[in-house]
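Encoded as structure tokens, the structure appears first; notes follow it.
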Protein chains: 2
Amino acid sequence: MATARPYRGVSADDRKASRREALVAATLDVVGRDGVAAATVETVCAEAGLTKRYFYESFADRDALFEALIDAMLDGVRERIGAALAGAGDSAEERTRLTADALVSFFDADRRQARLYIEAPVHPALNARREASMTGFADLIMGDVLGVDTADARVQLAGLLVVGGTTEVLSRWLAGEIDLTHDEVVDEITRIGLAVVPTTVET
Amino acid sequence: MATARPYRGVSADDRKASRREALVAATLDVVGRDGVAAATVETVCAEAGLTKRYFYESFADRDALFEALIDAMLDGVRERIGAALAGAGDSAEERTRLTADALVSFFDADRRQARLYIEAPVHPALNARREASMTGFADLIMGDVLGVDTADARVQLAGLLVVGGTTEVLSRWLAGEIDLTHDEVVDEITRIGLAVVPTTVET
DNA sequence: CCCATCTGATACGCGGACGTTTCAGATGGG
DNA sequence: CCCATCTGAAACGTCCGCGTATCAGATGGG
């Protein structure tokens, strides 16, 4: 049954896919404009110009949408950092700066994603991904960027402090509470990242 | 009207005050056990062994309770830090360690308060206080403890990064994700706090 | 041209939480 | 002793969001 049929010249799969895409985009818009808490199934559908029927066509429930959304965002961040580090040298200073710049640039360029990340704690499904990602970023920064032993609990602590602190700083800077330019923010985060490395465990 | 009358030997004011206190204590218990999101008017009243009528006798609404709760918690933290710094010398290292220890000890000793602080972002009223307090703590640490110029935007950034990062670290450590002792955590936070000071603006 | 499918809108039932109100019974003052 | 006040429990009305179901009209295949 349900022998998929073209409609207005588009195949069933294409229609479904573009509706899903519209929903994800609409959610990001709502989050960016009104915050995560405002992104209900109803408001998202209204924003997308679709009805709830199509929501449940693509997502099992609201959590599924949020998970898809934040996973896409986190993949984007990782990709951005990966690209920045791809052609980099071995200098810890250079690598740290490139990483910090990738992060700041990513969220500066798309405030919707920034708000999603910043407000992730309001929703359990988002918060779980956020926490996991912070651990991952901490490992990445301490290991791949600064080149210290991430098995050391002190290094883990330092990594989480830098990542958590950077998140807080980004949130404030994007809100206009910190009167520094993009480059100055990157400078400071880089400086702090380098300063925070436990000297006793350098490799 | 409402000519307050004693009941079971207690004055009306005393009865009301103890009910209010019971509600605050119950909220803290619920938050500690089940999280901020679980602290509804109904669950709090049930925990306190009171009914909603008494809730609205002491609080205008749920937000008022949350505000009273987090303000009390933040006052407690400030008091604890103040006491720690009261008899301290001028050494930045000593003052930083005492501050870090005060913070870690406070939340380590009362996980309910820790959970309230950590989960504050889930509720707007709590989050507003949390954000304001972080700015305040950042100023306190950079100014009163480390003795640098808090008018400098770079110092503000560093302060927020340390405070935000410390919050993240505390959250993880209390959750058992960081395998360090109380003293080791204080050591690391102290070390990082000192390392993060922008050297170009020392006073 | 006819009928199955797709679309868009709307209605529905459910549960959770809020804040208000009602009521019977316990308690204390005059 | 009587009656006003206090207590504890419960009921109520409202709102909001979820997830499902219904239905008339548009569209396309055979």
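The figures here come from the full heavy-atom set of this structure, side chains too, leaving out hydrogens, waters and symmetry mates. Throughout, a chain's letter reflects where its sequence line sits, starting with A, and its residues are numbered from 1.
- The pair B/R154-B/D152 fails the salt-bridge criterion, with no side-chain N (NZ, NE, NH1 or NH2) lying under 4.0 Å from an Asp/Glu carboxylate O.
- Here the side chain of B/P6 is nearest to one of D/dC18, C/dG29, D/dG8, namely C/dG29.
- Among the candidates A/T150, A/T99, A/T96, the single residue satisfying the side chain to side chain contact (heavy atoms under 4.5 Å, CB included) test with A/I141 is A/T99.
- In this structure, B/Y56 reaches the C/dG19 phosphate: one of its side-chain N or O atoms is under 4.0 Å from OP1 or OP2.
- Within 6.0 Å of atom CG in A/D179, 12 or fewer heavy atoms from other residues, nucleotides or ligands are found, so the atom counts as exposed in its surroundings.
- A/F107 and A/Y117 have parallel rings, their planes meeting at less than 30° on a 0 to 90° scale where 60° marks the start of perpendicular.
- Between the side chain of A/R5 and the base of C/dA4, a donor-acceptor pair under 3.5 Å is found.
- Within residues 57-66 of chain A, the residues approaching DNA chain D are A/D61, A/R62, by heavy-atom distance under 4.0 Å.
- Looking at which nucleotide of DNA chain C each of A/A12 and B/K52 is closest to, the 5′-most match is held by A/A12.
- Each of D/dC18, C/dC6, C/dG19 was ranked by its minimum atom distance to the side chain of A/Y7; first place goes to C/dC6.
- Using a 4.0 Å heavy-atom distance criterion, A/T40 is classed as a sugar-phosphate-only contact.
- Note on B/R53: a base of the nucleic acid sits closer than 4.0 angstrom, heavy atoms only.
- Side-chain contact of A/S11 with A/R5: a donor-acceptor pair under 3.5 Å is absent, judged by distance alone.
- Proximity of B/R8 to the phosphate of D/dT7: no side-chain N or O atom is located under 4.0 Å from OP1 or OP2.
- Ion pairing between B/R97 and B/E94 fails under the 4.0 Å rule for side-chain N and carboxylate O.
- Looking at heavy-atom distances under 4.0 Å, B/G9 makes contact with sugar-phosphate atoms alone, never a base.
- Ion pair A/R78/A/D75 flagged as a salt bridge, since at least one NZ, NE, NH1 or NH2 atom sits closer than 4.0 Å to an Asp/Glu carboxylate oxygen.
- Residue contacts for A/F55: at a heavy-atom cut-off of 4.0 Å it reaches no nucleic acid atom on any strand shown.
- Helical stems in DNA chain C, defined as runs of 3 or more consecutive Watson-Crick or G-U wobble pairs with both donor-acceptor distances under 3.5 Å, are listed by first residue as C:1-30 with D:1-30.
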